[in-house]
Participant: 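Quick one: the structure is below, and I'll ask about it shortly.
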Number of protein chains: 2
Amino acid sequence: MSITLKQLAQKLNLSVSTVSKALNDSHEISEDTKVKVQALAEELQYRPNLMAKSLKTGRSNTIGLVIPYITNPFQSQILEGAQQAALDRHYNLVFMQSREDAKMEEEALNALLQQQVGGIVISPSANSNERFLQAIHGKCPIILVDRIDFDIKTPKIGVNSEKGAFEATQHLIDAGRTEILVVTGKNLGINQKRLLGYKKALMANYLPNRPENVVYVEYGQTAEDLITNLTHLLDKRLKTYTEPIGILCTTDTLTIHTLGILAKLGVQVPDTVSLIGFANTEYADCMNPSLSTVFQPAVEMGYESVSRLIDLMEREGDMKEETVIMDPIIIPRNSTRTSPA
Amino acid sequence: MSITLKQLAQKLNLSVSTVSKALNDSHEISEDTKVKVQALAEELQYRPNLMAKSLKTGRSNTIGLVIPYITNPFQSQILEGAQQAALDRHYNLVFMQSREDAKMEEEALNALLQQQVGGIVISPSANSNERFLQAIHGKCPIILVDRIDFDIKTPKIGVNSEKGAFEATQHLIDAGRTEILVVTGKNLGINQKRLLGYKKALMANYLPNRPENVVYVEYGQTAEDLITNLTHLLDKRLKTYTEPIGILCTTDTLTIHTLGILAKLGVQVPDTVSLIGFANTEYADCMNPSLSTVFQPAVEMGYESVSRLIDLMEREGDMKEETVIMDPIIIPRNSTRTSPA
DNA sequence: TTGTACGCGTTATCAG
DNA sequence: CTGATAACGCGTACAA
């Protein structure tokens, strides 16, 4: 056990409260004793017991973050931003994973509440229990980040997925591609937005919307699904049409895997097929060819969400449900180059 | 504020202690009241206040993890494993970043101690304050993970870097390369081990050890340093010698960047230059060419470190300083292929 | 300027 | 079987 106020007080022949005040630099303590107390505290490496402190004050200065997977680079960037914001505001951040599972998510939230967090930032799992979230929101402010397509009355911070997909598709079209394939995951609300942006871009350019051009990939079997489905579709497309093909992928993992599979299939990128995808990996520039991406400000989203959560907690009362939508950025690289090098 | 024992007791016309015991399934409470109490607790979503609980019991069931950067995929895998272990043992894990800075590391450790963590797993920053670590270890068990080359009396869990580098170098030699370059970071103890393994492999194969074949890259300016230094060296080597060249990189980031730079330089991999590196990214297989790697069991290391830490905490007393060394695994892919496809 | 008393939400001890 | 009481470490009115 570490040293306590009481022990300090004994050694100094002072009362506990005097020591407490001295350490908190209270005006009602003489400089003299302040110095003595602080000196001993320093020497003995006194560290106030945060549990006792927050039990007493009723505030823990801790907030929680729940994300699906920490190993996902996009989500780890959210965490990075969130922790930075917490640090700046002198809060502790404790994070938990839901592993895309409603039950684990519920357990994570319960664990956070038990730790008396003052607020929670969450990127809900695909099958999240909305009622549960809403119920918690009654006692403890919640902010949604990234996965904001849930019908819950909370502030939300996300990106304009539709716009990102629209612009990416337009980028492919500008690069001279008229047959645009999409690779996407199933289920997630956010993917719907991206598909919508894709379709709108097709329409805006008077291109036909062929449902068979959408490749769906199951969560957890990215590689297998991709190889079979994509190979199949590409095979057909490359033989059927002569139109130049572009591919849009809607997530980090899908994008990188698609690039890898194209390489393995010996498909020339960008000459035969042009590729762009939502991806936040810093390695995009190291790919061969370097990968054009739709970059989402993940770190900023994390930072902003925690920052706003703390604002909310500190001036509690006005619980605005505002939604902040950030813009993704198209970063053109070689995988969508127009003229061969 | 959430509901408390006292409030439950009032609604039930029972004493606080009875309610407490009922919820903890004590044998000295009648089935009858247990049912009633638990029913109401469930209905009102009672969640015990962990701060109060651990203040009372003296144990927080929380452990801390300190790593340099969460956005580093290797380190996030350590976190992943660590959290999994904590979950399995019903502990909370709170993690902090040191950002490779001794001062931030100290602050992180202090924050953890204030939160009354029962133990700490740390991957120390390059310039870590050993004395501080050792001092803390007096009050609170510490385990080093990955970065284990510190002179501190604690249990340690790491990988056999020397062996990994030796085998990777041997792998390059087996692939017919006789001029082996190394790309490495400065300062870090672990890089010394890797360089050592590299040199030993050269010796074992009667190859000359040329100091000028080592490319040093400064932390934080990976890309710039790499481009200038590597371009320079390769230029010279490719013109000076006719020996087939192999490159070994000692970290994730360096490896991926090197592959990217080779592609940009138009150097054929593996035909002109063969490449292998320490890397844990799941994307290695998606690179073009797919990247041969020295894989380190990062998740397992994280898991094992937390698991052992908890063992240590629970049967406190025998504080063994054992060091566990795991073996890295060479995963050959196309970047070191021998015969062109 | 310093000290006393109390309570935050729990659990543990002991008495009824 | 149930309840009163003390204590964990801290902050803060209030008394001295």
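Note that the coordinates shown come from a computational prediction; the quantities given were computed from them, not determined experimentally.
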Participant: Does a donor on one side chain and an acceptor on the other come within less than 3.5 Å for B:Gln97 and B:Gln75?
Facilitator: no
Participant: Please give, in whole Å, the distance from C:dC8 C1' to B:Leu50 CG?
Facilitator: 15 Å
Participant: Taking atom types as modelled, is there a side-chain donor on B:Arg131 or B:Asn129 under 3.5 Å from an acceptor on the other?
Facilitator: no
Participant: Let me see the working for B:Asn92 and A:Val94 under side chain to side chain contact (heavy atoms under 4.5 Å, CB included), right down to the final yes or no.
Facilitator: CA-CA 9 Å; B:Asn92 279 316; A:Val94 15; over 6 Å; no
Participant: Which nucleotide in the list C:dT10, C:dT4, D:dG11 gets nearest to the side chain of A:Ser15?
Facilitator: C:dT4
Participant: Mind listing the closest non-hydrogen atom pair of B:Ile157 and B:Met301 along with its distance?
Facilitator: O-CE, 3.9 Å
Participant: Out of D:dC10, C:dC8, C:dT10, which nucleotide sits closest to the side chain of B:Lys6?
Facilitator: C:dC8
Participant: Can you check the B:Met51 CE to D:dC10 P distance for me, whole Å?
Facilitator: 13 Å
Participant: Under 3.5 Å, is there a donor-acceptor pair between the B:Ser125 and B:Glu105 side chains?
Facilitator: yes
Participant: Heavy-atom count around B:Lys34 NZ within 6.0 Å, excluding the residue itself: above 12?
Facilitator: yes
Participant: If you take any heavy atom closer than 4.0 Å to DNA chain C, which residues from residues 17-26 of chain B end up in contact?
Facilitator: B:Ser17, B:Ser20, B:Lys21, B:Asn24
Participant: Donor-acceptor pair, distance only, cut-off 3.5 Å: does the side chain of B:Lys156 make one with the backbone of B:Phe150?
Facilitator: yes
Participant: Just checking A:Leu55: base, sugar-phosphate only, or nothing, at a heavy-atom cut-off of under 4.0 Å?
Facilitator: base
Participant: D:dA6 phosphate, OP1 or OP2: any side-chain N/O from B:Lys56 under 4.0 angstrom?
Facilitator: no
Participant: Is the shortest side-chain N/O distance from A:Tyr46 to OP1 or OP2 of D:dG9 below 4.0 Å?
Facilitator: no
Participant: Output the residues of residues 29-37 of chain B in contact with DNA chain D, where contact means a heavy atom of the residue under 4.0 Å from an atom of the strand; sort by number or write none.
Facilitator: B:Ile29, B:Ser30, B:Thr33
Participant: Does B:Ser123 reach the main-chain N or O of B:Val145 with its side chain, forming a donor-acceptor pair under 3.5 Å?
Facilitator: yes
Participant: Want to settle it: does A:Glu28 or B:Glu28 sit nearer the 5' end of DNA chain D, counting the closest nucleotide to each?
Facilitator: B:Glu28
Participant: Any donor-acceptor pair under 3.5 Å linking the side chain of A:Gln115 with the backbone of B:Leu50?
Facilitator: no
